[in-house]
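First the structure, in the form of C-alpha cells, and then the observations on it.
Per chain, numbering begins at 1; letters A, B, ... match sequence-line order.
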Amino acid sequence: DAGVTQSPTHLIKTRGQQVTLRCSPKSGHDTVSWYQQALGQGPQFIFQYYEEEERQRGNFPDRFSGHQFPNYSSELNVNALLLGDSALYLCASSPLEGSSYNEQFFGPGTRLTVL
Amino acid sequence: EDQVTQSPEALRLQEGESSSLNCSYTVSGLRGLFWYRQDPGKGPEFLFTLYSAGEEKEKERLKATLTKKESFLHITAPKPEDSATYLCAVQKAGGGADGLTFGKGTHLIIQP
C-alpha cells in the first residue's frame, strides 16, 4: 500500500515566480493538509482540504492557495515567491473514518529553494 | 493561541542510557496529542496519539504518557538508530481532523 506521495522532490525558483506542488494521499484517505517546515523549526499548518473545499486555514497569506481533485489528490500553489518561502513543504493525509480518523500521515516533502 | 514547547532542544545520550523528552502544551480543548519522529530531509513518521490524561502508549523502546499540561516520551535503552528529531503536536477539539500545532522538536543523538 503506497503511502503519501509528493512531487517534485526538489525545486529551485527565483523571487517573484510561481510554483505548484503536488500530493497524492494514502489509499482510503480523503482529507489532505499542507504544512511548511523551515529549517530547524516544526511544521506550520497552511491549510486543509476535504471534499474539494478548503475547510481550515492557518496564518498564511493569500499567496498560498490550493486545490483538491475528485480523486482526493491535492495541489499547493504559491505566487510571487519570496526568499522566506524557502522550506520543506509537507503534505499529510487523514483517513475517511474509523478510530484513527484524525491521525495525519505525512509524505516525504518537497524541498523548495527560492533564490 | 495554541502553543507547544518541547525540551530539551537537543539531547545527546550514550547507547543504553534511558531518558525522557518533554512536551508542554496550551490548547483550548485537546482532541489529541501526537508524537512523530523525523529523520533529516524526510517527512515526519507517525508514532503515537494520546487522547486523555493518564493515557500511555508503547512501541518498542518508546513510551508516551499524557497529563493535562504535558506529555513525555520515554526512551528506554536507546540504540543509535533511535537518533532523530522527535516532534510533538496538538490538535484542538472541534469538527473533523483539524490542522496540527507543532513544537520545534527535540534533536536526539544516540552515541554507540
Side-chain angles (χ1 to χ4, degrees), chain A residues 3-6 9-10 21 23 25-26 29-51 53-60 64 66 87-113, chain B residues 1-10 21 23-25 27 29-52 55 57 59 64 71 73 84-108:
Chain A
V4 180
T5 60
Q6 293 186 242
T9 306
H10 295 88
L21 311 181
C23 170
K26 187 176 168 68
H29 289 191
D30 66 338
T31 302
V32 173
S33 302
W34 286 92
Y35 293 81
Q36 179 195 67
Q37 186 176 26
L39 206 59
Q41 303 294 313
Q44 276 197 291
F45 176 67
I46 302 175
F47 45 53
Q48 184 179 85
Y49 277 83
Y50 172 70
E51 292 188 342
E53 296 285 334
E54 182 185 295
R55 66 173 294 274
Q56 192 187 28
R57 189 178 184 94
N59 190 25
F60 278 80
F64 290 78
L88 181 67
Y89 287 84
L90 296 162
C91 170
S93 69
S94 312
L96 177 63
E97 58 189 9
S99 60
S100 61
Y101 78 96
N102 64 332
E103 294 175 355
Q104 299 186 15
F105 294 83
F106 284 82
T110 293
R111 172 69 64 186
L112 173 65
T113 301
Chain B
E1 184 180 327
D2 302 340
Q3 271 196 315
V4 177
T5 303
Q6 292 188 245
S7 61
E9 290 185 7
L21 312 182
C23 171
S24 298
Y25 64 90
V27 63
L30 180 71
R31 174 183 292 278
L33 184 140
F34 302 81
W35 282 98
Y36 288 86
R37 169 194 170 125
Q38 187 173 30
D39 292 305
K42 297 190 175 181
E45 175 190 344
F46 174 77
L47 293 174
F48 303 109
T49 309
L50 301 168
Y51 293 102
S52 56
E55 189 175 0
K57 287 193 177 174
K59 179 180 179 180
S71 176
L73 184 65
T85 295
Y86 290 85
L87 295 165
C88 171
V90 296
Q91 187 177 61
K92 188 184 301 187
D98 294 343
L100 304 178
T101 299
F102 280 86
K104 292 184 178 181
T106 292
H107 182 50
L108 178 65

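Annotation: maximal heavy-atom pairing with chain A below 4.5 Å, among E9(B), H107(B), K104(B), occurs at K104(B).
Note: F102(B) and Y36(B) have tilted aromatic rings, judged against thresholds of 30 and 60 degrees for the angle between ring planes. Ring-plane geometry between F46(B) and F105(A) is classed as tilted, the angle between the planes lying from 30 to 60 degrees on a 0 to 90 degree scale.
Looking only at distances, a side-chain donor or acceptor of Q6(A) sits under 3.5 Å from a matching main-chain atom of G109(A). With Y49(A) contributing its side chain and S33(A) its backbone, the two residues share no donor-acceptor pair below 3.5 Å.
With a threshold of 4.5 angstrom between heavy atoms, L100(B) approaches chain A through its backbone and through its side chain. Only the side chain of Q37(A) comes within less than 4.5 Å of a heavy atom in chain B; its backbone stays farther off. With a threshold of 4.5 angstrom between heavy atoms, F47(A) does not approach chain B through any atom at all. Contact of Q38(B) with chain A is made through the side chain alone, with heavy-atom distances under 4.5 Å.
Here the side chains of L47(B) and Y86(B) are in contact, with some heavy-atom distance below 4.5 Å.
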